[in-house]
Amino acid sequence: MLSNKFRTAVIALIIANIIWGAAPPIFKWALQDIGPFTLAFLRFAIAALLILPFAYKHLKVKKEDIAEVFLIGFLGVVINISFFFFGLKYAPSINASIIGSAGPIFLILFAFLFLREKPKRKVIIGGLLGLAGVILIMIKSLFSSEPNLDLLGNAFFFIAMLGGLGHIILGRQLLRKYEPLGLTFWSFLIGALCFLPLFINENLNQTFLANITLPVIVGVSFGAILCSVLAYFLFFWALKYMPAAESGIFVYLDPLVTVIIALPLLGEKPDTFYYIGSIFVFFGIYIAEGRLHYHPIHLFRRQE
């Protein structure tokens, strides 16, 4: 039988990934009435304030690590969120999740290209298949008879994913020295401070307070409370009771949740390119990692 802690960790990760999967359509909906940097600043400023009471004991950073702590905040928040919001302006929100879910594939490719690691043949084949799926989704607009900016938006999603990967790669080293709550707070604060000048510029002529709509309220509240504080807390808490490798299984929930919410909220429907690209991505993960047959509910049945 599984321990209660492990079962709770499974539930925590399911909830966290449902929240993250809901993020693209909800943020795209909110960005109809609020500027991207205003939404980004409010999200992370509020999140930093909310997490501070829990993180204040873990805020000390050694002098030699300050640059890396700043860099993980800059990559994981400023670069990732800026280009994520830019992408939502031009491309369907459902593309964001499927491109983001290919992150593990690019970690494998980066390790091969830059760290000189020698992955197995199946890992290389799986990585290339996943890359082909992402490229297919990204270039779909080139085959459309109607002009659109999907390609630009998808490119922004891709850059956002790279920023997130940089955050993960650097964060793995720092997590050996520091508590996750402390690093999360610094990431949120660095992001808020970097977004502050852009927030001020967006609100010079008319402040966001003059256009408080339901999408704005939902977007800011969802981003700060659920997407940042709650989801990150559940994720880091679950990692205490579950191997990090198994936590990656839950990323498969994100595209499904995104589609379920994007359809009624934004009227976005997956097309043939999306389905084919998704098959390539997940089949590539299956070949590379050999664990696509796992799913979150499967973990409830695993024996200790």
Side-chain angles (χ1 to χ4, degrees), residues 20-29 31-32 36 75-76 79-114 119 122-169 248 251-263 265-289 292:
W20 285 329
I26 289 177
F27 285 139
K28 187 176 181 71
W29 183 52
L31 287 169
Q32 297 172 1
L75 291 173
I79 297 298
N80 178 267
I81 298 301
S82 294
F83 284 98
F84 174 62
F85 282 176
F86 291 158
L88 290 175
K89 182 177 180 180
Y90 299 111
S93 65
I94 58 176
N95 290 8
S97 285
I98 195 66
I99 292 174
S101 69
I105 291 174
F106 286 92
L107 276 177
I108 292 170
L109 293 177
F110 289 162
F112 173 65
L113 294 174
F114 302 113
K122 68 172 187 176
V123 173
I124 297 175
I125 294 174
L128 293 176
L129 280 175
L131 176 61
V134 170
I135 292 175
L136 183 62
I137 292 172
M138 288 181 64
I139 67 172
K140 167 220 163 184
S141 60
L142 297 179
F143 300 91
S144 175
S145 58
E146 300 178 1
N148 60 69
L149 294 174
D150 282 10
L151 181 60
L152 178 61
N154 291 333
F156 286 150
F157 289 147
F158 185 77
I159 296 172
M161 181 196 67
L162 295 182
L165 291 182
H167 172 88
I168 292 172
I169 293 170
V251 75
Y252 305 145
L253 289 171
D254 293 9
L256 176 61
V257 175
T258 301
V259 170
I260 290 173
I261 293 179
L263 182 58
L265 189 64
L266 302 171
E268 294 180 359
K269 299 179 180 179
D271 56 16
T272 303
F273 281 87
Y274 183 89
Y275 286 123
I276 296 176
S278 299
I279 291 172
F280 271 88
V281 169
F282 290 118
F283 190 57
I285 294 173
Y286 169 71
I287 293 176
E289 300 188 13
L292 191 61

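Side-chain atoms are counted along with the backbone in the values below, which use heavy atoms only and exclude waters and symmetry mates. The structure displayed is predicted, hence computed values, not measured ones.
Under the side-chain contact (heavy atoms from CB on, under 4.5 Å) criterion, L129 pairs with I125, F280, F283, I287, not counting sequence neighbours. Listed by chain and number, the residues in a ring pair (Phe, Tyr, Trp, His ring centres under 6.0 Å) with W29 amount to none (sequence neighbours excluded). For A23, the side-chain contact (heavy atoms from CB on, under 4.5 Å) partners are F27, F222, C227, not counting sequence neighbours. Considering only residues two or more places apart in sequence or on other chains, S278 meets the side-chain hydrogen bond (donor to acceptor under 3.5 Å, both in side chains) condition with none of them. For I135, the side-chain contact (heavy atoms from CB on, under 4.5 Å) partners at least two apart in sequence or on another chain are L131, I139. Applying the side-chain contact (heavy atoms from CB on, under 4.5 Å) test to Y90 and every residue at least two apart in sequence or in another chain returns L149, L152, F156.
Expressed to the nearest 0.5 Å, how far NE2 of H167 lies from CD1 of I79 amounts to 13.5 Å. Here the straight-line distance linking atom CD1 of I137 with atom CZ of F273 works out to 10.5 Å at 0.5 Å rounding. Rounding to the nearest 0.5 angstrom, the gap separating the CZ atom in F157 from the OG atom in S93 is 7.0 Å.
Between A22 and I261, the closest heavy-atom pair is CB-CD1, 3.2 Å. The shortest heavy-atom contact between P25 and L265 is O-CD2, 3.6 Å. Smallest separation of non-hydrogen atoms from L263 and K269: CD1-CG, 3.4 Å.
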Distance-only donor-acceptor pairs under 3.5 Å for side chains of residues 80-89, two or more places apart:
residue	atom	partner	partner atom	Å
N80	ND2	A160	O	2.7
S82	OG	V78	O	2.6

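Among pairs with a residue in residues 149-162, those fulfilling side chain to side chain donor-acceptor pair (under 3.5 Å) read N95-N154, at least two apart in sequence or across chains. Each salt bridge (Lys or Arg N to Asp or Glu O under 4.0 Å) pair with one or both residues in residues 151-168, not counting sequence neighbours, would appear here, but there are none.
Side chains of P255 and I94 form no contact here, defined as non-hydrogen atoms less than 4.5 Å apart.
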